[in-house]
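Accompanying notes for the structure given below.
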Amino acid sequence: MTDSPSEKLFQKNWNALIRSYPEKIEQIRIDTAKRIRDSHYESLQQGNRWVPGEYTIRCPEIIAHKTDFIDRYRDVSSQFVLDGQSIKQYFDVPGGDPHLLQNIVSLYEAIPDEFKTNTVSGLGGKTGFHPYFIVVRNPGCGIELQHWLKILDVKRLLVAVPTWTHLVASFWFADWVKIWSSFGKDKITIGRYSTVSKVSSLMAVQGLTVCDFSLLYDSATDIEVEGEEVVDPSLRLNIENLSSQLQRAINYLGFTLDEYNMILNTVGSLCSSPKIYRAPSDSLGGQCVVVGSGPSLDDSLHHLKELQKNHTIISCASNFRTLLANGIRVDVLVLLERALYNYEQYKACLDDYPSPNTILVASTTCAPEIHKLFQDRVVFYRPALTPLSIFSMSPKETLFFEGPQTINAGISLAYSLGADSILLVGVDLGTVSKSKARSEQALGDSPREFDTEYPGNRGENVFTNRSLLDGAQAVEFCIDTYETLNSSTKIWNSGCGIKIRKVPYISLNDYSQEYSANATFLDIKSWVDKLHSYSYTDLDLLWNSKKLRLESSLLINSLMDAVNSSEPWYPDKMLAIGNLLHLDCPIQKQIPRRIIRGGILKLVFGINRQIIYMSNHKVAQQEYLEYSLDVLRNLFNILQGEIYALCDHIDTSIFTTTTDGI
């Protein structure tokens, strides 16, 4: 038996594993590996095969093949003129980035009529298109995987096994030494990855622009392996979760119009000399309540009136009015949104319900006028936005896990301050009844479409949507991170919305009886007093040191070179564009990348998806590609002119503004 071809192949693979990962040997269970091998082999004999079309990663459909979407994009963006000069047309505009929308319309209109009816589902995986990645979660016995690797001509192999035993199960039939050699060490990654987020992050680093239509191979052999983590279904590596993670990464790339406004708002905010956020070196301790604007808030107000006696109350955005109108003190107001109309809303609220001791903790990108309303003001940088790379003096001034919802910023702040415990009130991220989406007295209006059912915090299913689920996921990542840092902060959720992993439900009655009596405030005022105040000198020196005109010119020229190169569009030009816009570079070079990357990368995805649709029509495909490259070239020129115009405007703003504020 030991001389059989399969045993010889096993020994060959095993020796290679020992040489590369000697420390992993103790984790491997050979008997279990054989059971996985045999189970998968038997399943193959019964005709249970992996079907690539069912395991295809779907990135967002950027160029929507629906005329109502195109009509809406055309209408929203028609007010703008993309001439590379008119920068002021974007100021205080809430959304609808013309750099993306106008070009989506242009790219759609250039599609020949016979290809305008294509959809993702209509492809069925039969395009002749070769995927860039194949992600392998469970190779099983290895026979089927090795077969597909020969056929698919994938460019990069990412083996993400839940345990090393799963990999060893394939050693009898898959020649991993040959596979490694055929890909080369730069095109293959092998490791143990327990959750989808780790895999999607690797894919984003190795080639975000070419993820679309990549494949996930999973033999789905259901055998328990000692040492395998029990992973929440929402975090497990499968095709639904992997596609969702990558779609989220692409959808949250940002918009150039927003980045322009974020920079301008930051300049205005910093001119008012606020304190700059920095986590305290020692935990503040104490108990706090983080308040959201969900429907359950209204039924919690009588409890909050008691909790305010010995808890720090952190209000997240629009529930500020609900709390003040019901006689509940707000110690900290956390704000995230940039729109100017927020200032008018909060001014009206404070005119009706003065709250002189509330401390404002806001993103630098919020409307600078908001600083007129509060005496104590702290600003933080958001990690994904351009102002961080221009005006920050230290990475410690960044508040992580601060979005997409304002409650994310409130929870992250409480963790970073070292609260002993956090009680979530009104943090529903969903609703029991679609007729009530939020607290009745909350500021403004927040229309939501609740199109998804999800497990509720109190057991029953509730209604939510993708953006709110993204908020819950960000809370979970925040908690996971602080747990790895050995945070002792405890957290409970009293809301009637969705279930947030690792946040146990507690009724406010039970909380009051078990935990409230010995609660103490966080010493937030003392923390604020010790923070550095941003000065006009800081602003002036940092802005002039970053040389945005020069960096943007260098970047645009490099993007032009990538588009004009003789390399094929897929994957070479796509990878080159993605690498040029990646943020793994010195902070000064990040600035123009952060401003323009969202729209450009989304257009790259849209162009490539349409080219995939046209794979069997080479002439039409090439003509469309040439048109698309012209669209990108034109956009590059427009963006360079606009960045120069933005720099001119900010130079004037800085040198005509004093420390007295805007």
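In this chain, numbering begins with 1 at the start of the sequence shown. Remember, predicted model here, so these are calculated numbers, not experimental data.
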**OP:** Decide, yes or no, whether a salt bridge links Glu109 with Arg74 under the criterion of side-chain N to carboxylate O below 4.0 Å.
**Re:** yes
**OP:** Apply side chain to side chain contact (heavy atoms under 4.5 Å, CB included) to Asp186 and list each qualifying residue two or more places apart in sequence or on a separate chain.
**Re:** none
Original post:
Does a salt bridge link Asp212 with Arg58, judged by any charged N lying under 4.0 Å from a carboxylate O?
Top reply: no
**OP:** Taking only Lys NZ, Arg NE, NH1 and NH2, and the carboxylate oxygens of Asp or Glu, determine whether Arg382 and Glu402 approach each other closer than 4.0 Å.
**Re:** yes
Original post:
Is the NZ or CZ atom of Lys602 positioned over Phe255's six-membered ring, under 6.0 angstrom from the centre and within 45° of the axis?
Top reply: yes
**OP:** Establish, for the pair Arg609 and Phe605, whether the NZ or CZ atom is under 6.0 angstrom from the six-membered ring centre and no further than 45 degrees off its axis.
**Re:** no
Subject >> Pro98 to Leu82 - nearest heavy-atom pair and separation >> reply: O-CD1, 3.8 Å
Original post:
Step by step, would you call Ile263 with Ile595 a side chain to side chain contact (heavy atoms under 4.5 Å, CB included)?
Top reply: CA-CA 9 Å; Ile263 295 170; Ile595 294 173; 3.8 Å; yes
Original post:
Is Glu483 salt-bridged to Lys502, going by a charged N under 4.0 Å from an acidic O?
Top reply: yes
Original post:
Going by an N to O cut-off under 4.0 Å, is there a salt bridge joining Arg501 and Asp480?
Top reply: yes
Original post:
Is Thr398 reaching over with its side chain to a backbone N or O of Phe400, donor-acceptor style, under 3.5 angstrom?
Top reply: no
Original post:
Does NZ or CZ of Lys116 come closer than 6.0 Å to the centre of the six-membered ring of Tyr108, within 45° of the ring's axis?
Top reply: yes
Subject >> ring-ring contact (aromatic ring centres under 6.0 Å, His included) involving Tyr415 - partner list, sequence neighbours excluded >> reply: Tyr482
**OP:** Check whether NZ of the Lys or CZ of the Arg Arg156 lies under 6.0 Å from the centre of the six-membered ring of Phe183 and within 45 degrees of that ring's axis.
**Re:** no
**OP:** Please report the C-alpha distance between Gln621 and Tyr613 in whole Å, then the side-chain angles of each, then the deciding distance to 0.1 Å, and finally whether the side-chain hydrogen bond (donor to acceptor under 3.5 Å, both in side chains) criterion is met.
**Re:** CA-CA 9 Å; Gln621 184 189 59; Tyr613 288 153; over 6 Å; no
**OP:** Determine the interplanar angle of the Tyr132 and Tyr570 rings, folded into 0 to 90°, and report it as parallel if under 30°, tilted if 30 to 60°, perpendicular if over 60°.
**Re:** perpendicular
